[in-house]
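Worksheet: the structure to be examined is printed underneath.
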Amino acid sequence: MTKFTDLNLNPKVLKAIEEAGYETPTPIQEGAIPPALEGRDVLGIAQTGTGKTASFTLPMITMLARGRARARMPRSLVLCPTRELAAQVAENFDTYAKHVKLTKALLIGGVSFKEQDALIDRGVDVLIATPGRLLDHFERGKLLLTGVQVMVVDEADRMLDMGFIPDIERIFSLTPFTRQTLFFSATMAPEIERITDTFLSAPARIEVARQATASETIEQGVVKFKASRRDREGSEKRKVLRKLIDAEGDNCTNAIIFCNRKTDVDICAKSLKKYGYDAAAIHGDLDQSQRTKTLDGFRDGSLRLLVASDVAARGLDVPNVSHVFNFDVPGHPEDYVHRIGRTGRAGREGKAITICIPRDEKALDAIEKLIQKEIPRLDNPVKREAKPEPETEAETKAPKPEKKRSRGKKPGEVKSRGRDRRDDGGKAVVGMGDHLPSFIALSFEERRAG
Ligand code: AMP
């Protein structure tokens with residue numbers, strides 16, 4: 001088995017690795033570090049959780065340990081799709097370069113230009129940036145990219161999703177032709193292939209197993225759910241979510257709840273808070289200090305539930321996430337793999353539960369096709385709860401079928417009276433027919449509460 005000491009890394013880097021507690025290199029590290037140290041271009045097809053960050057930071061630190069940076073001319077450049085990912089890469093540099101004298105700067109939105117300019121002026125060995133912010137600095141004439149010896153593109157497939165590919169191409173063209181490129185992507189879409197064909201020179205290609213096949217420690221489940229009425233879908237779905245969280249009890253130490261839309265991230269977090277859950281939202285429209293505060297809280301265990309969009313949570317490295325809940329089925333099947341990969345990290349156990357409404361069935365099929373297995377179906381906890389214990393004679397009697405349907409009511413709907421705004425979940429009651437008055441569909445407790 002390959003050891004870190006076989007990889008020709010700087011002894012000071014090896015010391016930091018040992019202190020981090022890593023025993024053996026992961027497959028992407030074993031595959032990418034040797035060619036990177038030889039100065040070759042690398043094409044790594046790997047996703048987060050595989051140890052890919054160290055597979056480029058460790059050789060970079062080794063290579064950059066020799067030499068010095070000049071003012072405004074960074075010696076290396078790491079491009080990341082999101083601020084969170086960039087901040088995480090910066091943390092990795094801090095960890096692995098703690099015994100090596102290297103300077104770095106993080107160029108991300110939400111941080112003042114002045115501070116960042118001052119750092120660049122002094123000269124940096126490593127510049128970690130999101131593409132837009134990097135180009136902003138460049139346009140302002142504060143930065144020269146002609147001294148870049150190593151350029152890393154991290155999570156290129158996400159860059160593609162976010163429309164950053166033209167920026168990446170521009171940045172490539174601003175760096176010297178002789179630079180070394182380390183390029184990482186979880187998947188190889190045709191557009192990514194085109195970029196790597198254009199800008200990489202005879203790269204060493206290292207592909208590691210998709211997380212979908214690797215994450216055997218994640219228990220998965222899907223709850224099919226149909227709202228009683230379209231206009232109640234959101235509130236009923238949130239109730240299903242709460243019941244799913246409750247059903248996990250103390251096993252759910254912390255969880256990431258994914259929504260497809262930013263507005264739902266906000267609504268979901270607010271609703272959970274209203275019901276007394278310890279939850280906070282994270283998505284791209286929140287300001288940087290808020291995002292950092294929320295993430296720090298989630299990392300240190302003071303926040304239990306993080307409600308997130310895909311982009312905000314992409315690449316987040318929190319090792320101990322017990323649960324992932326998909327409030328929505330993701331539209332891209334790869335995102336499902338990324339999402340559930342936030343739990344069950346480093347061989348730990350994890351659980352991922354997805355709520356699927358009828359119009360998401362197609363997306364669910366696509367996921368099962370990608371992961372090549374059927375996700376076990378779970379009972380809808382709200383439906384289960386909705387079977388009332390017989391209490392009074394009136395409640396044990398099934399109501400007579402209605403002669404006339406109320407206007408606009410479709411078959412299979414639970415009858416509701418007036419402007420009922422309760423957040424009262426999927427109430428189709430098994431074995432009682434479709435025509436159940438809504439008060440019977442309430443649990444005993446809810447009826448008492450009115
Ligand atoms: P990444 O894929 O870069 O997001 O890394 C995933 C996680 O694996 C991070 O928490 C790293 O600290 C950790 N890690 C990276 N390399 C190793 C290694 N060789 N052994 C154990 N853990 C590692």
Side-chain angles (χ1 to χ4, degrees), residues 1-10 13-34 36-37 42-62 78-98 126 128 152-158 182-187 206-215 217-218 254 256 295-296 298-301 308 310-322 324 334 337-348 350:
M1 197 168 29
T2 308
K3 296 196 288 287
F4 276 112
T5 44
D6 301 330
L7 296 177
N8 272 329
L9 291 162
N10 181 312
V13 174
L14 288 176
K15 191 171 171 219
I17 294 172
E18 204 186 317
E19 286 165 4
Y22 302 168
E23 284 168 8
T24 45
T26 64
I28 186 79
Q29 291 162 1
E30 197 180 322
I33 294 174
L37 285 174
V42 169
L43 171 57
I45 304 163
Q47 38 190 254
T48 60
T50 55
K52 72 175 167 55
T53 318
S55 79
F56 62 81
T57 47
L58 300 178
M60 281 174 82
I61 298 165
T62 299
V78 182
L79 294 174
C80 303
T82 64
R83 309 171 197 186
E84 281 72 27
L85 200 55
Q88 223 160 268
V89 169
E91 270 172 32
N92 269 256
F93 270 102
D94 289 341
T95 307
Y96 307 133
K98 66 180 187 187
V126 186
I128 304 158
V152 177
V153 179
D154 196 12
E155 307 231 346
D157 50 342
R158 182 56 44 154
L182 311 176
F183 191 101
F184 292 84
S185 186
T187 53
I206 300 105
E207 185 161 359
V208 300
R210 294 189 62 84
Q211 219 167 325
T213 54
S215 56
T217 55
I218 304 172
N254 59 352
I256 305 180
L295 282 182
D296 286 350
F298 191 64
R299 272 207 189 94
D300 70 23
D310 286 289
V311 169
R314 181 68 193 260
L316 275 189
D317 181 28
V318 181
N320 280 319
V321 178
S322 73
V324 164
E334 289 83 12
V337 179
H338 291 307
R339 288 180 180 188
I340 72 162
R342 307 298 93 215
T343 180
R345 281 166 97 86
R348 289 186 183 91

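Computed from a predicted structure; not experimentally measured. Just so you know, ligand 1 is whichever comes first in the structure, and atom 1 is the first atom listed for that ligand. For this chain, numbers begin at 1 and follow the sequence in order.
Partners of Asp296 according to the side-chain contact (heavy atoms from CB on, under 4.5 Å) rule, which considers only residues two or more places apart in sequence or in another chain, are Thr292, Arg299. Ala16 meets the side-chain contact (heavy atoms from CB on, under 4.5 Å) test with Lys98, His99; sequence neighbours excluded.
Taking both residues in full, the closest heavy atoms of Ile128 and Ala86 are given as CG2-O, 3.5 Å, listed atom of the first, atom of the second, then distance.
Contact annotation for Thr24 and ligand 1: only backbone heavy atoms (N, CA, C, O) come within less than 4.0 Å of the ligand.
When the shell of 6.0 Å around CG of Asn8 is examined, it contains 12 or fewer heavy atoms from other residues, nucleotides or ligands.
Close approach of ligand 1 to Thr50 is summarised as follows: ligand atoms under 4.0 Å from at least one heavy atom of the residue are 2 (O). Heavy-atom proximity to Phe4, at under 4.0 Å, picks out these atoms of ligand 1: 19 (N). Per-residue contacts place Gly51 under 4.0 angstrom from the following atoms of ligand 1 (heavy atoms of the residue considered): 1 (P), 2 (O), 3 (O), 5 (O), 15 (C).
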Exercise for review: Decide yes or no on salt bridge (Lys or Arg N to Asp or Glu O under 4.0 Å) for Glu30 and Lys3, but give the supporting numbers first.
Suggested key: CA-CA 9 Å; Glu30 197 180 322; Lys3 296 196 288 287; over 6 Å; no

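Ligand 1 has an N or O atom lying under 3.5 Å from an N or O atom of Gln29, backbone or side chain. Between Thr53 and ligand 1, at least one N/O pair is under 3.5 Å apart.
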